[in-house]
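Structure incoming, see below.
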Amino acid sequence: MKLSIEELMENVKDELLCYEDMEQASRRWEKEFLDWVEKNKGKHKDIALEQNGIFFKIKDEEEVFEIANAYIDALDEGNVKQYWEKF
């Protein structure tokens with residue numbers, strides 16, 4: 001399954017915003033995600049460059065929840081750098 005980068009960002013941000021006081025974290029995730037995509041375009045197996053845009057490959061909708069939850073865990077544990085290294 002492929003989602004546009006914009007669609008993935010909106011889905012993950014929506015999931016993050018389901019938790020209390022996550023507005024700032026959702027904006028931070030979006031900025032860090034865009035930086036990660038820019039750095040990994042053409043180098044990462046889950047980023048698909050196509051004529052009509054940039055897409056991100058995921059297994060299923062459940063992966064969106066996993067992305068958001070892993071980020072929350074990384075924030076809580078102070079491991080955001082590792083989160084993006086393993087992303």
Side-chain angles (χ1 to χ4, degrees):
M1 167 178 196
K2 288 188 294 189
L3 295 175
S4 70
I5 293 299
E6 293 80 15
E7 188 176 1
L8 179 67
M9 283 190 311
E10 286 306 311
N11 290 341
V12 173
K13 285 172 48 182
D14 287 346
E15 182 62 26
L16 288 170
L17 291 172
C18 289
Y19 296 91
E20 197 172 318
D21 298 325
M22 292 301 288
E23 294 85 7
Q24 185 176 349
S26 71
R27 288 190 298 273
R28 178 179 171 183
W29 183 88
E30 179 180 27
K31 180 194 177 309
E32 291 172 355
F33 177 68
L34 288 172
D35 292 345
W36 180 88
V37 168
E38 193 59 38
K39 190 167 85 173
N40 290 283
K41 254 191 307 199
K43 301 175 194 170
H44 195 277
K45 64 179 176 51
D46 291 331
I47 300 174
L49 302 173
E50 298 181 4
Q51 285 183 328
N52 54 344
I54 303 171
F55 296 85
F56 193 82
K57 298 176 193 173
I58 61 172
K59 291 176 276 194
D60 53 31
E61 290 291 324
E62 183 66 28
E63 195 165 348
V64 171
F65 304 117
E66 292 170 9
I67 290 169
N69 291 334
Y71 191 70
I72 292 168
D73 291 344
L75 287 172
D76 290 343
E77 297 165 3
N79 293 329
V80 174
K81 184 177 178 183
Q82 280 184 313
Y83 170 88
W84 289 112
E85 288 171 359
K86 293 179 180 180
F87 196 82

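Numbers here are sequence positions counted from 1. The basis for the numbers below is simple: all heavy atoms, side chains too, and nothing from hydrogens, waters or symmetry mates.
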Which pairs would a plain distance check flag for residues 80-87, meaning a side-chain donor or acceptor within less than 3.5 Å of a matching protein atom at least two apart in sequence or in another chain?
unit_1 : atom_1 : unit_2 : atom_2 : d
Tyr83  : OH     : Trp29  : NE1    : 3.1
Tyr83  : OH     : Ile67  : O      : 3.0
Trp84  : NE1    : Glu32  : OE1    : 2.8

Rounded to the nearest 0.5 angstrom, the CG-CD1 distance for Leu3 and Ile54 is 14.0 Å
Starting from Tyr19, can I reach Leu17 by hopping between I/L/V/M/F/W/Y residues whose side chains sit under 4.5 Å apart?
no
Heavy-atom distance under 4.5 Å between the side chains of Ile47 and Phe56, does that happen here?
yes
Who are the side chain to side chain donor-acceptor pair (under 3.5 Å) partners of Asp35, not counting sequence neighbours?
Lys31
Separation between OH of Tyr71 and OG of Ser26, rounded to the nearest 0.5 Å:
9.5 Å
Test of understanding: with side chain to side chain donor-acceptor pair (under 3.5 Å), list the residues that count as partners of Glu38, not counting sequence neighbours.
Lys41
Going only through I, L, V, M, F, W and Y residues with side-chain contacts under 4.5 Å, is there a path from Phe65 to Ile72?
no
Name all residues meeting the side chain to side chain donor-acceptor pair (under 3.5 Å) criterion together with Asp73; count only those two or more places apart in sequence or in a different chain, and write none if there are none.
none
For a quick test of your reading: what N or O donor-acceptor pairs under 3.5 Å do the side chains of residues 4-15 make, sequence neighbours left out?
unit_1 : atom_1 : unit_2 : atom_2 : d
Ser4   : OG     : Glu7   : N      : 3.0
Asn11  : ND2    : Glu7   : O      : 3.4
Lys13  : NZ     : Glu30  : OE1    : 3.1

So, using side chain to side chain donor-acceptor pair (under 3.5 Å) as the criterion, who are the partners of Asn79 when residues are at least two apart?
Glu77
Could you name each residue pair satisfying side chain to side chain donor-acceptor pair (under 3.5 Å) that touches residues 55-66, not counting sequence neighbours?
none
Residues passing the side-chain contact (heavy atoms from CB on, under 4.5 Å) test with Asp21, sequence neighbours excluded, are none
Quick check: is Phe55 connected to Val37 through a chain of hydrophobic side chains (ILVMFWY, heavy atoms under 4.5 Å apart)?
no
